[in-house]
Amino acid sequence: MGLTTYLKKRDFRKSPEPQSGKTNPKQLIFVVQEHHASQHHFDFRLEMEGVLKSWAVPKGPSMNPADKRLAIITEDHPYDYKDFEGVIPKGNYGAGKVKIWDSGTYTPIDTVKGKAAQEKLLLKQLKDGSLKIQLHGKKLKGEFALVKTKGMEDNSWLLIKHKDESPTTAKLPDPFSPMLATLHAAPFNDDDWQFEIKWDGYRVLAYVNDHKVDLISRNGRSYTKKFHPIAEALQEVGSNAVLDGELVVTDDKGIARFQQLQHWKTEADGDLIYYVFDLIWYNGKDLRGLPLSERMQLLKEMLPSDHPTIRMGFTIQGRGTELLDSAREMGLEGIIAKRLSSTYQSGKRSPDWLKIKTQNRQEAIIIGYTKKEESPKLFSALLLGLYKNGQLHYAGKVGTGFTDKQQRELMKQFKPLVVKQASIKKPSLRDPITWLKPVLLCEISYTELTEQGIFRHPSFKGIRDDKAATEVVLEKEPDLLLPDRSLKTVIKKVNQKELTFTNLDKLFWPEDKLTKRDLLNYYAQVAPYILPYIKDRPQSLYRFPDGYKGKRFYQKDITGKVPDWAATFPYRTEGDRKDKNYLVVKDEASLLYLVNFGCIEINPWSSTIKKPGYPDWCLLDLDPGSKTDFSQVIDVANLIHDLLESVDIPAYPKTSGSTGMHVYIPLGKKYTYEQSREFARVLVTLVQQETSRYTSMERTVSKRQGKLYLDFLQNRSQATLAAPYSVRPKPGATVSMPLHWEEVKQGLKMQDFNLRNVPALLNERGDLFKPVLGKGIDMMAALKRLQQL
DNA sequence: GGGATAA
DNA sequence: TTATCCCAACGCACA
DNA sequence: TGTGCG
Ligand SMILES: [Mn+2]
Ligand SMILES: [Mn+2]
């Protein structure tokens, strides 16, 4: 009998558990699929409780695909299948022989004749738990084994868990910290999840022993004395358990009141209730490895069903939307969603527990107000706006939450801001609108934001005067490509193409703790912004498979190395008798494919395959030398700007993300590379003459004497530069960031723009480089104007 | 990161 | 069977 | 015609 069953059958309230040294072996069997095997790795898939896990195991000496049959999977804590770490034991285990003994008789069972019979027997022994596994006389150290028998299908393995006992008898770590929930934007319905009310109180762990109860807060503070009625009640209810729950004070309507809890002194201050929602420990058994569903079952059996102060909170399976609605009706803070199969992950803010709020807070810009004709109020509703991609959008109207006094004060502030023209596209509203200059900020609460970006159920909370209106953007948790930090390999469809993302935990920037997963998430987030500048362009690959400090190499020819769906562009070098092929980015999938290949930076041509000889932009590359630095780059960039502005040539600057800056001039595919280069030469020559003290156009490094190099020669076919929004393989994961010319001034730092902050910045600023792909300049007219100078 | 090839 | 290798290149500027 | 350069 498994321990879980055993625990379930017990009535914990009636008699103490007998102390017994006997352990109950528990073994679990799963069929693991070998999904994709390369020369260097096995990729395993395991479908468990409806969730697909996958992980890569590097091939070691014992992992030949033809013959070797065994790998060991170990893990740190019991029963959490998401944290598999692939480990290949060193040494030679012979030609695929896994010796398997019957644990009772210790007779080898690998001598059974016939494949089918062998497999059948093995499975039987695994199922009834009578199996011990040894490798050449040595007991397996790991808690799991992957076993392949000769009778099994090629892509199937058996994963055997052969722990002696589960849950374990071990000391509870001290200090012990509770599992935490991740904030989640919207409710959902899913039968794999349980939903419960989020109570507004103190998170309290209760250590219940025979003669003593301790109530401990999340920060390790003792609440035993302060909330002694709860401690006393727990003492009656049970013993030898560690419970997790929320301690609340309810008002006369039964609603938890946080303020009242803070000031609670005696029973006259309100009714204390301890809502228990998890059982972590019972009679020396650590239950954290059990799935939530089983812990809940045990908890239900352990707690009395009708105790006035120690209660099990209400839970419902699958119907999150419904529960959030009722929580909102009741004026509660929100709900918690918990994955039924999840283990208790101490101290972790886990994606298996999600907090979903009934009320969200957001700042918004007041862009006007309406007034109903007949209304005695000064105004009926405020019109709200938000910036998205650098543009102001209508975000709904708020008609509640302000007092008459607040209305009078607001009207005073509105007076000097009244304008005739709307600052946005006019929403269709019945009541007459007074438009305001979009500078005033307010804070609102709301329940939901619609697809169109309109607040639902907004309520006014007050004026904000500590921020500029342009700083206000939607505080929305981005949907990440790879949100689950416990998966080391993920197979995912992007643009209808199946991509395998590997080695997601590999530290690409160890100092910044940034992983390959972070890099992929970054590019997925900025894909809409970067794609215009890399789509349909052949790519020069610069690969860093082991992170920015690791080995690196350039790659252009990808013939035969990329899947069929990847677009390519043929080329030849001198003496080639066959075509070589550039990789061409077409969509998010091909971009992410590159990134998974270890391409930290993206290096596209200046022209597309549609018109390969005609670049979209002309570029000036400002590279500081050994005796110059970024501050001179800023100076010379501004001089270039002044010059171009004086002759009416548009130009757009970006940091390079490395040491210098890039300036792009739109050409609109109208001129050849040679024309672009000669145009750049003219511009750079003019600027260099003015700044000869610290700039140079010399191709030979030594002749530059450490001066800043004005590089115009990259205006040439097949030459590449790091794309806008490209990350660079540099400390701090810097990004090549398009700027306003006003930002190009002393004090600007390369590190201001990096993998961590650029996605949010882009949401505010939009794509500043958009005009680079717009109408190209009239080069001849521009040259004529330059000549007049 | 992973296919090709030398040892 | 395992370890290592290999993954660009192009044309301009100056000697 | 070779070498450095990005
Ligand atoms: Mn540069
Ligand atoms: Mn350069």
Side-chain angles (χ1 to χ4, degrees), chain A residues 36-43 56 58-68 88 90-96 488-489 499-504 506 508 516 519-520 538-547 550-563 566 569 571-576 580-583 592-601 603 605-606 612-613 619-626 656 658-660 662 672-674 676-678 680-681 684-685 696-704 708-722 728:
Chain A
H36 163 84
S38 83
Q39 182 186 343
H40 302 280
H41 290 94
F42 283 120
D43 261 4
K59 286 183 180 175
S62 65
M63 289 291 285
N64 183 283
D67 280 329
K68 301 294 178 171
I88 302 304
K90 285 283 172 204
N92 184 2
Y93 294 106
K488 290 161 180 64
T489 304
L499 295 177
T500 306
F501 300 113
T502 53
N503 293 316
L504 297 174
K506 195 181 264 188
F508 267 36
K516 192 176 168 191
L519 185 67
L520 282 157
Q539 303 292 322
S540 222
L541 277 55
Y542 192 16
R543 298 179 54 187
F544 291 75
D546 297 321
K551 62 166 185 277
R552 74 238 11 223
F553 54 91
Y554 291 94
Q555 188 170 22
K556 286 185 173 171
D557 180 21
I558 45 74
T559 314
K561 306 197 170 193
V562 295
F569 187 71
Y571 73 105
R572 279 178 198 214
T573 53
E574 189 151 304
D576 286 349
K580 292 175 169 172
N581 289 286
Y582 275 101
L583 183 72
L592 295 176
Y593 183 81
L594 277 184
V595 179
N596 187 59
F597 244 27
C599 295
I600 293 175
E601 61 177 40
N603 293 297
W605 282 14
S606 296
L619 37 90
L620 308 178
D621 179 12
L622 315 180
D623 292 331
S626 58
S656 77
S658 175
T659 58
H662 302 150
T672 62
Y673 273 109
E674 192 187 350
S676 172
R677 187 221 310 144
E678 292 312 311
R681 188 198 302 271
V684 162
T685 309
S696 166
M697 291 171 66
E698 285 291 344
R699 298 265 292 141
T700 319
V701 173
S702 60
K703 285 194 141 190
R704 287 183 210 150
L708 189 158
Y709 179 42
L710 299 171
D711 186 1
F712 62 94
L713 286 165
Q714 303 316 317
N715 294 296
R716 136 176 84 84
S717 82
Q718 310 202 28
T720 62
L721 220 61
R728 305 301 303 274

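Reminder, nothing fancy here: chain letters follow the sequence lines and each chain counts from 1. Note that this is a predicted model, so its numbers are computed, not measured.
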Expected rows: protein N/O vs nucleotides 13-15 of chain C N/O, under 3.5 Å:
unit_1 : atom_1 : unit_2 : atom_2 : d
C/dA13 : OP1    : A/R681 : NH1    : 3.1
C/dA13 : OP1    : A/R681 : NH2    : 3.1
C/dA15 : OP1    : A/K703 : NZ     : 3.1

Rounded distance (Å) that lies between atom [atom2] of [N] and atom [atom1] of [X]:
X      : N     : atom1 : atom2 : result
A/F501 : B/dG1 : CZ    : P     : 13 Å
A/R728 : D/dG6 : CZ    : P     : 14 Å
A/Y709 : D/dG6 : OH    : C1'   : 7 Å
A/L594 : B/dG2 : CG    : P     : 13 Å
A/N603 : D/dG6 : CG    : C1'   : 12 Å
A/N596 : B/dG2 : CG    : C1'   : 11 Å
A/D621 : D/dC5 : CG    : P     : 16 Å

If you take all heavy atoms of A/T720 and A/N603, which pair is closest and at what distance?
CG2-O, 3.5 Å
Considering residues at least two apart in sequence or located in another chain, which fulfil the salt bridge (Lys or Arg N to Asp or Glu O under 4.0 Å) criterion with [X]?
X      : result
A/R681 : A/E678
A/K580 : A/D576
A/K556 : none

Would you mind building the protein contact string for nucleotides 3-10 of chain C? One character per nucleotide, 5' to 3', B for base within reach (heavy atoms under 4.0 Å), S for sugar-phosphate only, - for untouched.
BB--BBSB
Non-neighbouring partners of [X] that pass ring pair (Phe, Tyr, Trp, His ring centres under 6.0 Å), sequence neighbours left out:
X      : result
A/F553 : none
A/F597 : A/Y593
A/F544 : A/Y542

Using atom types as modelled and distance alone, determine if a side-chain donor or acceptor of A/K551 lies under 3.5 Å from a backbone N or O of A/D546.
no
Across all chains, not counting sequence neighbours, the side chain to side chain contact (heavy atoms under 4.5 Å, CB included) partners of A/S717 are A/Y673
Could you work out the separation of D/dT3 and C/dA9 based on their C1' atoms and round it to a whole Å?
15 Å
Between D/dC5 and C/dA8, how far is it from one C1' atom to the other, in whole Å?
14 Å
Can you tell me if A/N503 touches the phosphate of B/dG1, counting only side-chain N or O atoms and a distance under 4.0 Å to OP1 or OP2?
yes
